[in-house]
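Since the structure comes first, as structure tokens, the remarks are kept for the end.
Heavy-atom basis, side chains included; hydrogens, waters and symmetry copies ignored. Throughout, a chain's letter reflects where its sequence line sits, starting with A, and its residues are numbered from 1.
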Amino acid sequence: MPELPEVETIRRSLGAAVVGQRVMTAEFRREDILRSDPRTSAGSAARCAARTPGSRIRDLGRVGKHLVVHLDDDWGWIVHLGMSGTLTLSDGGPEADHTHVVWTTEDGSSLRFRDPRRFGGWTAAEIPPPEGVLKGRVGIDALDPELDAAAFAARLAESRSPVKCRLLDQRLVAGLGNIYVDEALYEAGIHPGTPACHLSSASWERLYWAVRRILASAIDHRGTTFSDFRDGRGLTGDNWERLRVYGRAGAACGRCGRQVEKMILRGRGTHYCPGCQGEEIEGGETGDDSFPGTT
DNA sequence: TTACTCCTGGCC
DNA sequence: GGCCAGGAGTAA
């Protein structure tokens, strides 16, 4: 669930309340969500778990889909929410099942990480993360001001892979997941299966701006909640009402009226409008209109 | 590149 | 009971 807009929504809803707070107690209840990274000098995850109490939360940042909890002494936790993770602040009250990490802070509130599917994880690292911990695995953030349309195209275009797969590759541009990729490709009028190297520069420009608009709008609406997602205060997001193709297979396209379709592309459910997202071939190197991306 | 893996919950 | 899911790492 959590893609860039959901992680950013959590960061914003949590930030003001937790930044500056000292961590009084920190329980990490399952070892399998702790990750150590040999490339950081912060030490093993177990050791970092033990040294978390007493640290002050200096900042709460985000890179792509990762939250960066910056503690004193320039180290911290890089939290990935996986598919079902939430991080919420509570004044008390009963704990939900699958709560794996609980921190209490000096103002008496508790920060709770819940992740039923346990695809998420906490990695201890120096902050800012050294080469290798994020770099190499996580590319430039999709909303980074330095990522302009030209840089966006330059990073993604050089491959025959379907453009959707390029957008999902976190090493190239970080933050997009299945929902917003489908939405952005729809908005830009580009078929998800189009080989990236076949897109024209005009298409890259449209796609770049579509990604920016879609992400910014989703943040404005505090993310998309299907079932699990909550912000840092436990509230759901409104953005699901604004989705145009994701989860709408069989419904009429709002632009052309044709039925939105769902297919499987490289193993991922992929939603698109066959009317508005005709495949795009630049240079005319293939004459047939068979489905792209299968060779 | 593809396919399988981790895990639980919700829906048919 | 089976299938599907917003992610991402790994092995083949």
OP1 or OP2 of [N] sitting under 4.0 Å from any side-chain N/O of [X]?
| X | N | value |
| --- | --- | --- |
| Ser227(A) | dG9(B) | no |
| Arg137(A) | dA8(C) | no |
| Lys262(A) | dA5(C) | yes |
| Tyr246(A) | dG6(C) | yes |
| His98(A) | dG9(B) | yes |
| His80(A) | dA8(C) | yes |

request  = Using both distances under 3.5 Å as the test, list the Watson-Crick or G-U wobble partner of dA12(C), or none.
outcome  =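 Result: dT1(B).
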
ask   = Given the C1' atoms of dG6(C) and dT1(B), what is the spacing between them in whole Å?
value =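 Rounded to whole Å, the distance is 23 Å.
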
inquiry  = Does the plane of the ring in Tyr246(A) sit parallel, tilted or perpendicular to the ring in His271(A)? Use 30° and 60° as the thresholds.
reply    =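 If you compare the ring of Tyr246(A) with that of His271(A), the planes turn out tilted.
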
ask   = Looking at Asp228(A) and Arg114(A), does any basic side-chain N land under 4.0 Å from a carboxylate oxygen?
value =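 So Asp228(A) does not pair with Arg114(A) through a salt bridge.
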
ask   = Is the shortest side-chain N to carboxylate O distance from Arg56(A) to Glu106(A) below 4.0 Å?
value =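 Yes.
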
ask   = Does Phe119(A) stack onto the base of dC6(B), taking stacking as ring centres under 5.5 Å apart and planes under 30° apart?
value =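 Yes; by the centre-distance and plane-angle rule, Phe119(A) counts as stacking on dC6(B).
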
request  = Give, for atom CG of Leu185(A) and atom CD of Gln277(A), the distance between the pair rounded to the nearest 0.5 Å.
outcome  =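 Between Leu185(A) CG and Gln277(A) CD, I get 6.5 Å after rounding to 0.5 Å.
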
